[in-house]
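Numbering of residues begins at 1 and proceeds along the displayed sequence. Because the structure is predicted, anything quoted here is derived from the model rather than measured.
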Amino acid sequence: MSDLEELRKSIVRFTQDRDWDQFHNGKDLALALSIEAAELNEAFLWKNASEVNVEKVKEELADIFNYAILIADKYDLNIKQIVMDKLRRNAEKYPVEKAYGSAKKYNEL
């Protein structure tokens, strides 16, 4: 079993043990993920990036990963496959020879 699959099973088991599946529809999971992402942003608010509390960042990232994995599980998505597919699409939009060292959007390269 891959590390990612083991992680997915652990998260799903955690929520099932608490009967939280009843609350975990796609919409609410997406909203929860968005809220956790905002909490991650809050950790950086009014600070230089070097001043951030790394423990807070770890906590919020864990929440974000948990909700993202639960969404993937809810829709029976293969996490590795969807990430690799997105990387392939991004590689087409941002070829190294055009995008290297640039923060421009693909349509501005």
Side-chain angles (χ1 to χ4, degrees):
M1 179 184 323
S2 73
D3 289 346
L4 191 55
E5 179 60 16
E6 184 179 340
L7 185 60
R8 185 196 65 78
K9 284 185 175 190
S10 294
I11 294 167
V12 169
R13 185 172 41 255
F14 180 89
T15 61
Q16 288 173 341
D17 288 349
R18 288 153 182 80
D19 193 27
W20 288 350
D21 265 0
Q22 62 181 314
F23 309 115
H24 288 176
N25 60 71
K27 174 192 70 81
D28 288 329
L29 289 169
L31 289 170
L33 186 147
S34 178
I35 291 164
E36 295 301 339
E39 290 179 9
L40 175 63
N41 286 338
E42 186 179 37
F44 289 92
L45 185 63
W46 315 124
K47 297 177 181 79
N48 292 323
S50 62
E51 298 172 327
V52 71
N53 178 336
V54 176
E55 290 304 312
K56 179 70 171 164
V57 170
K58 286 171 26 179
E59 184 178 322
E60 299 309 333
L61 275 177
D63 289 338
I64 291 166
F65 292 143
N66 281 335
Y67 285 120
I69 290 168
L70 285 170
I71 292 169
D73 182 74
K74 182 67 59 182
Y75 292 99
D76 198 28
L77 303 175
N78 180 308
I79 296 167
K80 181 179 178 183
Q81 187 63 56
I82 64 175
V83 170
M84 295 305 295
D85 289 348
K86 182 63 175 179
L87 283 172
R88 264 190 296 286
R89 286 192 304 275
N90 283 348
E92 291 172 10
K93 289 168 42 175
Y94 297 96
V96 173
E97 58 277 1
K98 288 184 176 182
Y100 187 84
S102 174
K104 292 181 180 177
K105 192 161 171 90
Y106 67 93
N107 60 355
E108 297 173 347
L109 293 172

Just wondering, more than 12 heavy atoms not from K98 lying within 6.0 Å of its NZ? no
Under the 3.5 angstrom rule, does the side chain of E5 hit a backbone N or O of S2 as a donor-acceptor pair? no
Taking atom CG of N107 as the centre, report whether more than 12 heavy atoms of other residues, nucleotides or ligands fall under 6.0 Å from it. yes
Rounded to the nearest 0.5 Å, what separation is found between the CZ atom of F65 and the CG atom of L70? 13.5 Å
Check this for me, if you would: do R89 and E92 make a salt bridge, where the nitrogen-to-carboxylate-oxygen distance has to be below 4.0 angstrom? no
Check each of L29, T15, I79, V12 against D73 using the side-chain contact (heavy atoms from CB on, under 4.5 Å) test, and report the only one that passes. V12
Please round to the nearest 0.5 Å and tell me the distance separating atom CG of D85 and atom CG of N78. 9.0 Å
Do L109 and Y94 have side chains that get closer than 4.5 Å, going by heavy atoms? yes
Has the side chain of S34 got a donor or acceptor atom that lies under 3.5 Å from a matching backbone atom of A30? no
Any link between I82 and I71 through a network of hydrophobic side chains (Ile, Leu, Val, Met, Phe, Trp, Tyr) touching at under 4.5 Å? yes
With rounding to the nearest 0.5 angstrom, report the OH to CD1 distance, Y67 to I11. 11.0 Å
Roughly how far, to the nearest 0.5 Å, is the CZ atom of R8 from the CD1 atom of I69? 9.5 Å
Specify the closest pair of heavy atoms between Y75 and G26, including all atoms of both residues, with the distance to one decimal. OH-CA, 3.3 Å
Given K58 and E55, is the salt bridge (charged side-chain N to carboxylate O under 4.0 Å, His left out) satisfied, shown in steps? CA-CA 5 Å; K58 286 171 26 179; E55 290 304 312; 3.1 Å; yes
Report whether F44 and I64 are members of the same hydrophobic cluster (ILVMFWY, side-chain heavy atoms less than 4.5 Å apart, transitive linking). yes
How far apart are the closest heavy atoms of K47 and E42, and which atoms are they? NZ-O, 4.4 Å
For the pair K93 and N90, evaluate side-chain contact (heavy atoms from CB on, under 4.5 Å) and give the outcome as yes or no after the intermediate values. CA-CA 5 Å; K93 289 168 42 175; N90 283 348; 4.2 Å; yes
Just by distance, do the side chain of N25 and the backbone of K27 share a donor-acceptor pair under 3.5 Å? yes
For atom CG of D17, decide whether the heavy atoms of other residues, nucleotides or ligands shown that lie under 6.0 angstrom number more than 12. yes
How far apart are the closest heavy atoms of K74 and H24, and which atoms are they? CE-O, 2.6 Å
